[in-house]
Amino acid sequence: MGTPPLLLLFIFVLLLAPACRGQQKVPSAPRNFVAELTSATSVKLTWDAPTAANGALLGYYVYHDRMANGEPVIEKNSKKRIVMIRDSTKRYYELDNLDPNTEYSFRLNAFNRNGDGEFSERRSVITQGIPPEAPEIVSVSLDRDEPPVVARIEWKMPKVKPNETPIDKYHVWLRAQGYPDSYIKSKSVDGTDLSTTISGLWMGVMYDVLVAAENREGLSNNATETIATPVGSPDGEPIGVQYEVMKGKIVVSWRPPPEEKRNGNITSYKAILSAMDESTDRFEKMVSSMYL
Ligand SMILES: *[C@@H]1O[C@H](CO)[C@@H](O)[C@H](O)[C@H]1NC(C)=O
Ligand SMILES: *[C@@H]1O[C@H](CO)[C@@H](O)[C@H](O)[C@H]1NC(C)=O
């Protein structure tokens, strides 16, 4: 009874056949595989060549998975998570622009003409939080164009990546061009607000409008715009008026009105000299502000 010897031999040959073709083996696993963060959201992978190339190495495949609760997230477009490196001498690979606050898991294998080799161990990293992108200013307008001048600023929430830390606040600055930074007006509003008003702007001034978003990780870059307030006639008089009489001449000197009362660039001053008893003609002289 039992199996006919010929059939046994046939099965034996079938089992042995793949193992006999030694030169058709795939590479063993790459060694010393390491994944390390090079910034909050970039990673550098490094490795050494497999011990057994089993033929000419052609390159590597790098696999990366987003992890959730310790498991790879099955993504629809799974091709994106495999990178082919057609360079057998390559010993590193860098990925940037990963999502913040996210665990990623990596592994790789080498390939030769016979196919994909054995996998390295998995290595994981958890990316860090990042500050938000700059918001986009949608409009800057004047709610009131006479004193107290009121500007209205509206913006759009910046794009946020998956897992990005939520925006806590927006900061708005109005910087009068040509004046020191100590004249900056600023306001902070809640992270859910997308507009605000700032009042008490000077007239006749070009303002830089800056808006930044802030989260727990820090401030975004500034979005910038400008707005000009309308010019008005000066509200304040020249200050420090002095005069000196010499050789039948009167020399009058002064300083411009305070910044907040100029309501624009002063273009000229008028000096008037009249006798107290109005017995003689008045002298009037226009002085261009260029010559102050
Ligand atoms: C005031 O003068 C400065 C400097 O010349 C100029 O940049 C600015 O545009 C002027 N402002 C107005 C409202 O004309
Ligand atoms: C944005 O503008 C404000 C006000 O001028 C400044 O303090 C801040 O440093 C600016 N932020 C950046 C990232 O340049």
Side-chain angles (χ1 to χ4, degrees), residues 39-42 96-97 100 128-161 164-191 193-239 254-270 286-292:
S39 80
T41 57
S42 19
D96 53 20
N97 260 319
Q128 297 165 356
I130 50 172
E133 301 251 307
E136 185 188 323
I137 297 179
V138 176
S139 73
V140 183
S141 56
L142 294 178
D143 266 10
R144 209 184 127 84
D145 62 3
E146 52 195 56
V149 176
V150 179
R152 169 175 295 277
I153 301 104
E154 295 179 25
W155 58 89
K156 257 198 331 221
M157 194 180 148
K159 279 202 215 82
V160 290
K161 294 184 164 181
E164 192 169 313
T165 318
I167 294 169
D168 294 327
K169 277 182 196 166
Y170 290 99
H171 301 275
V172 180
W173 294 274
L174 288 186
R175 190 169 60 197
Q177 284 185 6
Y179 290 95
D181 273 359
S182 50
Y183 288 87
I184 286 185
K185 283 185 165 290
S186 65
K187 193 165 176 183
S188 301
V189 299
D190 203 80
D193 291 353
L194 294 174
S195 72
T196 193
T197 56
I198 296 189
S199 77
L201 276 58
W202 297 340
M203 298 189 77
V205 170
M206 185 66 99
Y207 280 93
D208 291 323
V209 180
L210 304 122
V211 183
E214 181 176 16
N215 66 14
R216 203 174 55 224
E217 321 297 341
L219 276 172
S220 73
N221 284 329
N222 287 329
T224 62
E225 262 298 336
T226 55
I227 188 167
T229 53
V231 176
S233 44
D235 269 338
E237 61 281 359
I239 48 183
W254 62 87
R255 280 179 286 120
E259 281 100 347
E260 69 276 17
K261 293 189 169 164
R262 290 180 201 165
N263 292 345
N265 288 339
I266 306 278
T267 49
S268 62
Y269 294 91
K270 189 194 271 185
M286 292 291 288
V287 186
S288 159
S289 68
M290 307 281 287
Y291 300 107
L292 282 176

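Atoms within a ligand are numbered from 1 in the order they appear, just like the ligands themselves.
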For [X] and [Y], test the side chains for any donor-to-acceptor distance below 3.5 angstrom and give the result as yes or no.
{"X": "K169", "Y": "S188", "value": "no"}
{"X": "E217", "Y": "T165", "value": "yes"}
{"X": "D235", "Y": "N263", "value": "yes"}

With a 6.0 Å cut-off on ring centres, are W202 and Y207 close enough? no
- Message: Does K187, at its NZ atom, have more than 12 non-hydrogen atoms belonging to other residues, nucleotides or ligands within less than 6.0 Å?
- Response: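 Count over threshold, so yes.
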**Item:** NZ (K261) with more than 12 external heavy atoms under 6.0 Å
**Value:** no
- With a cut-off of 4.0 Å, which atoms of ligand 1 are near a heavy atom of G204?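 Checking each atom against G204, I get 13 (C).
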In a simple table, one pair per line, please give the protein and ligand 2 atom names for every N or O pair closer than 3.5 Å, along with the distance.
{"residue": "ligand 2", "atom": "2 (O)", "partner": "N222", "partner atom": "ND2", "Å": "2.3"}
{"residue": "ligand 2", "atom": "5 (O)", "partner": "R175", "partner atom": "NH1", "Å": "3.4"}
{"residue": "ligand 2", "atom": "11 (N)", "partner": "N222", "partner atom": "ND2", "Å": "2.9"}

